[in-house]
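Below, chains carry the letters A, B, ... as their sequence lines are ordered, and counting in each starts from 1.
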Amino acid sequence: MNTAAAIDPRHAAGQRLRERMFRAATFVAALLVLILLGGVALSLLHGAWPALAHFRLHFLTSEIWNPVTEKFGALAAVYGTVITSLIALVIAIPVSFGIAIFLTELAPAWLKRPVGIAIELLAAVPSIIFGIWGLFVLAPILQRHVQPWLIDVIGPLPIIGRLFQGPPFGIGILTAGIVLAIMVVPFISAVTRDVFETVPDVLKESGYGLGATTWEVIWQVVVPYSRTGMIGGIMLGLGRALGETMAVTFVIGNAHRIGSSLLAPGTTISAAIANEFTEAVGDLYTSSLVALGALLFLITFSVIAAARFMLLRLERRALSSV
Amino acid sequence: MSRRFLRKVINVVALALSGLATAIGLFFLGAILWTLFSRGLAGMSVMLFTAMTPPPGGSGGLLNAIYGSVVMTVIGILLGGPVGMLAGTYLAEYGRTARISSVIRFVNDVLLSAPSIIVGLFVYELLVIRMGHFSAIAGAVALAIIALPVTVRTTEDMLNLVPQGMKDASTAMGAYPWRTITSVVYPAARSGIVTGLLLAVARISGETAPLLFTALNNQFWSTDLNAPMANLPVVIFQFALSPYPNWQQLAWSGALLITLSILILSITARFVVARLNPGGQR
Amino acid sequence: MNLQKFQRVLWALLGAIAGTGAVQAADISGAGATFPYPIYSKWADAYKQQTGIGLNYQSIGSGGGIKQIKAKTVTFGASDMPLKPEDLKEAGLVQFPMIIGGVVPVVNIKGVQPGQMVLNGPTVASIYLGEITKWNDARIKKLNPKLSLPATTIAPIYRSDGSGTNFLFTHYLSQESPKFKETIGEATSVQWPSGIGAKGNEGVANMTAQTEGAIGYVEYAYAKQTRMTYCDLINSAGKTVAPNGESFQAAAASADWAHAPGYYLILTDQPGAGSWPITGASFILVYGTPPDATATGEALKFFDWAYRNGARMAADLDYVPLPESLIKQIRATWKAEIKGAPAMASASDAKRM
């Protein structure tokens, strides 16, 4: 910044000071992001320590959740979290895939924007809305029409029949999985769409030039190219489903049990914390709930970190191939 | 059946299925909005905005909840927004190529997708236990922590869109980086930053889980930041799970209110971005 | 909008928010049982109209009430499960009953009207143990020979949060069924072998009303206010009683409060032909040496007001107000055990309404 001597040295000094302060402020703010993550991890560990030290590995392997005898095990909650998220993915992946294909290949220009916006609006709807909708609209429909059908038709079948037995409650693991699927579809379809759009036109054109149908170009050119990105998007959706609280709390049934049927009530880590935290009496009970939170943090952190890593690789590749 | 015909059939079926998938997605959006409107509109009245939450069976409104949500959202954005903007500025300007920046960006993305109930637990341990009671301030801090990663991300993206030429021209005239940023880059990226703030507001106004153990709830009108404060999401949670018809009606109306505000905010943000990028580039 | 204007707007906004934090007449803060919530909120509304002081009561379950008062985050806690005298002494808390009510089983069965279904303790225990799974089971039919029961699967609904109502219910079932006592036990939160969990009396009422074939247990006001299908029970005298103010009153009549240290008394399975088997009192917990004497004083003033003026509102909801002798005893306890308790007038020189 050395220009002509027309600059008053005091003015320059003031500018330099402001520069240093501003720069420091932005750096501290940026560091705050790191500090926040570290803080969350530390405080969770701190709160979870009494339970973890007391139960050790039994915490992860025990299904018992008994506030009377003060024996707590995370297995039922972890099981519920994983199973509901899996159901959500099983439903959401094909649907999101279909939506992404529709929006990138099929839809005429005038339809693309409004439909795209509509799907993304689904992502803006707060999760508590999904929860009350699930409880008051979806659950009764499932209880009265869908679940009896499932029990009668699929229940008697060998092997997969076991998944659909039991009384139709309307709420339960399956219902929670369905609600999660609806919530996760916008995320996966948005990422998949973005990824599809990075496929170089020249690759697709070569496919068409060889006489391939639209579907064949999608399945054999676009998808293999976008594989990493798609997996990244799916894992982002998985991360969202694993951590979702409000949508699940309303329809999961709050039972710390592992049932073989998808129609049974269960619980997830976040639903358990939301339901029981403010009323947990006793240090071990509270600490066990925080331990559940720490577990959730660990699981979602791993999934999301892996997803972001994959998407990063895709971004780098797209940038380099342009 | 010739192989060519088979391929054509598969093509049509596959594309039809994708159309079906889109229809399913749109159907659920429509179903949810329909339920919200049909059940929520019935409770819409002036009283909703002028009366407090009633005891079971009485008549009332959501004024204290609406006020509480607005106050905590505003404080949350006031806390998280500027910090996020500064952090995004660092990532886009000063630390653009620094090694630590890639770590920060990565961690920020992780925080962006982290479960909000974890944030609630964190603020409970940090503030509620220390202070000895629930408070609106704790709720606002939890919301700020959720808004932070959103503003960091959008600010960085928006600042990166400002042409390097503008920044260079400013530097050539002898301006320090801080001057360039505040007098040239910020005004240029203004709409984008505002969009980012709008999106952050939309995100935090619907959050329930972080408020469950921080701001709790309040049956009456309260403007005390140091005490539990009513807010829409927790009120909806409590009222929806109750067996009282008047409470359930208020829950639906409140849900409609939140959804409408968020949808309007999201659509507004989208239009602002569209005007900023007339080329339609993402 | 230039920087100047932006700054001005910002300061104005901050000023408005800061003004928000201004001190105002403090509300009484309490948390706990959902069992008495309907009557507490009714009282709070009337009290606020009269005195301008509100009651901020978080209906989060007895477990939550005990936790919050122990953590000193509220002025009083409310619990349907009384704390034992040793626990009271250890925590430095003073406990006294506020109101009496009854827990009733509610069902959602097609074709069954309120008051038609008759059950008894052992049968309800078997249902919740998962031993009786359908409504047309022989054991239920035996108690209801004239009722036509469908083959619907039973969906037991229980409390998923820490609940005094849960304590009363499980305490009663443990008294009626040794197997229940052994397998499940009694507490504010137990591990149920089957069924669906819901939060609060409100949640159980809501879930039962939503699910066909459900059975739940709620405080009677919840069943009455929402017109649910409640059941009659067969009490220890072998008589079938309906849940209402009289049957709760009958159960409470034989309670010997004078000789219960810390007012520790559980009113389930009380003798008497007209007694409702699952009656219980709801208790208030405050500190003997309150961290905030003014706040506790305000809370006590509210309770005193409720004792003197709240009887009719309570009776409307089929709660049983406490007898006068008990109220006198409670006031004496306040004077003796709560430091800084404001002097309360007795009923004889009651202030005007």
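By the 6.0 Å contact criterion, CG on A/Leu57 is open, its count of non-hydrogen atoms from other residues, nucleotides or ligands being 12 or less. Crowding of C/Lys134 atom NZ: a count of heavy atoms from other residues, nucleotides or ligands under 6.0 Å exceeding 12. For CG of C/Asn136, the number of neighbouring non-hydrogen atoms (other residues, nucleotides, ligands) closer than 6.0 Å is greater than 12.
Here C/Ser194 is the residue among C/Gly32, C/Gly200, C/Ser194 with the most heavy-atom pairs under 4.5 Å with chain A. Between chain C and the options A/Thr249, A/Thr286, A/Asn275, A/Asn66, the largest number of non-hydrogen pairs under 4.5 Å is found for A/Asn275. When C/Pro193, C/Ala71, C/Gly203, C/Ser163 are compared by the number of non-hydrogen pairs under 4.5 Å with chain A, C/Pro193 comes out ahead.
A/Ala76 does not touch chain C: none of its heavy atoms, backbone or side chain, sits under 4.5 Å away. In this structure, the portion of C/Gln68 lying under 4.5 Å from any heavy atom of chain A is its side chain and not its backbone. Only the side chain of A/Ile171 comes within contact range of chain C, with at least one heavy atom under 4.5 Å from a heavy atom of that chain.
When atom types are taken as modelled, the side chain of A/Arg257 and the backbone of C/Gln191 share no donor-acceptor pair closer than 3.5 angstrom.
Taking the ring centre of A/Phe277 as origin, the terminal cationic atom of C/Lys67 falls inside the region bounded by 6.0 Å and 45° from the ring axis.
Nearest approach of C/Glu212 to A/Gln143, heavy atoms of both residues: N-NE2, 3.3 Å. C/Gly195 and A/Pro265 get closest at one heavy-atom pair: O-CG, 3.4 Å.
Note that NE2 of A/His256 is 8.0 Å distant from OG of C/Ser160, once rounded to the nearest 0.5 Å. Taking CD1 of C/Ile196 as the reference point, atom CZ of A/Phe169 lies at 4.5 Å (rounded to 0.5 Å).
Looking at heavy atoms from C-beta onward, C/Gln210 lies in side-chain contact with A/Phe136 at the 4.5 angstrom threshold.
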